[in-house]
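Here the structure comes first, spelled out in structure tokens, and everything after it is commentary.
All ligand and atom numbering here is 1-based and tracks the order in the structure. Along the sequence shown, residues carry numbers from 1.
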Amino acid sequence: MDATQRVALLKAAHAARLQAHAPYSGFRVGAAVLDEAGRIHAGCNVENAAYPQGLCAEAVALGAMVLAGGRSARALLVAGEGPKWVTPCGGCRQKLREFAGGATPVLLADATDVRQTFTLDELLPHSFGPAHLEPR
Ligand code: THU
């Protein structure tokens, strides 16, 4: 990920956040993932009246990547609103692990800018991934 891609990820996540369907929490989140071809795929949280059925922004962004033919996440950025930077929930860390190795950068932003960067390994150490199912 270069500096231009980093800016593009932030812009995409912020734009996606504005599309969030978050009438229950009132907390809008945007995410953007960079794939192996350098393309960016964005997602927003999509809540549901049956609360547990809601989707996180990261899950929606990863789904958009898969739909577009992307198979590897080279970086993921998540942006919340307000002064606190957002960090992916446990389930989204595992969802990202399906498409990313431990060294993949995860950029955490508030409504203005990126405030922290971790590797996926830092967020999800000793993780279970696709390789654990080989050989079957
Ligand atoms: N949320 C995300 O979309 N991503 C995160 O990383 C944290 C939480 C959403 C889920 C729910 O719609 C709202 O934020 C409040 O938890």
task: Mind telling me whether Tyr24 and His21 have parallel, tilted or perpendicular rings, with 30° and 60° as the class edges?
output: perpendicular
field: Counterpart residues, salt bridge (charged side-chain N to carboxylate O under 4.0 Å, His left out), relative to Asp110 (two or more places apart)
entry: Arg115
task: Please identify which atoms of ligand 1 are closer than 4.0 Å to at least one heavy atom of Cys89.
output: 6 (O)
query: Mind checking whether Leu120 and Arg97 have side chains closer than 4.5 Å, heavy atoms only?
result: yes
task: Starting from atom 4 (N) of ligand 1, find the nearest protein heavy-atom neighbour and note its residue, name and distance.
output: Glu58 OE1, 2.8 Å
Test item: side-chain donor near acceptor, Arg93 and Thr87, under 3.5 Å: yes
message: Give me the residue, atom name and distance of the protein heavy atom closest to atom 9 (C) of ligand 1.
response: Asn45 ND2, 3.6 Å
task: May I ask whether Pro88 has any heavy atom positioned less than 4.0 angstrom from an atom of ligand 1?
output: yes
- line: Of all protein heavy atoms, the one nearest atom 10 (C) of ligand 1 is Cys56 SG, 4.0 Å
- prompt: Of all the atoms in ligand 1, which lie at a distance below 4.0 Å from a heavy atom belonging to Ala57?
  reply: 2 (C), 3 (O)
field: Heavy-atom side-chain contact between Glu36 and Arg71 under 4.5 Å
entry: yes
task: Find out whether Phe99 and Val33 are in side-chain contact, i.e. whether some heavy atom of one side chain is under 4.5 Å from a heavy atom of the other.
output: no
- request: Examine ligand 1 and decide if any of its atoms is less than 4.0 Å from a heavy atom belonging to Leu55.
  value: no
field: Enumerated ligand 1 atoms positioned under 4.0 Å from heavy atoms of Val29
entry: 1 (N), 2 (C), 3 (O), 4 (N), 9 (C), 14 (O)
- request: Say whether Ser25, considering both its backbone and side-chain N or O atoms, lies within less than 3.5 Å of an N or O atom on ligand 1.
  value: no
message: Are the side chains of Leu9 and Met1 in contact, using a 4.5 Å heavy-atom criterion?
response: yes
- line: In ligand 1, the atoms that come under 4.0 Å of a heavy atom of Glu47 are 11 (C), 12 (O), 13 (C)
query: Closer than 4.0 angstrom: is that true for some heavy atom of Ala22 and an atom of ligand 1?
result: no
query: With a cut-off of 4.0 Å, which atoms of ligand 1 are near a heavy atom of Thr87?
result: 6 (O)
Inter-residue atom distance Lys95.NZ - Leu124.CG, 0.5 Å rounding: 12.0 Å
Candidate pair Phe128 and Leu133, rule side-chain contact (heavy atoms from CB on, under 4.5 Å), full reasoning: CA-CA 9 Å; Phe128 182 86; Leu133 299 181; 3.9 Å; yes
- prompt: Can a protein heavy atom be found under 4.0 Å away from atom 16 (O) of ligand 1?
  reply: no
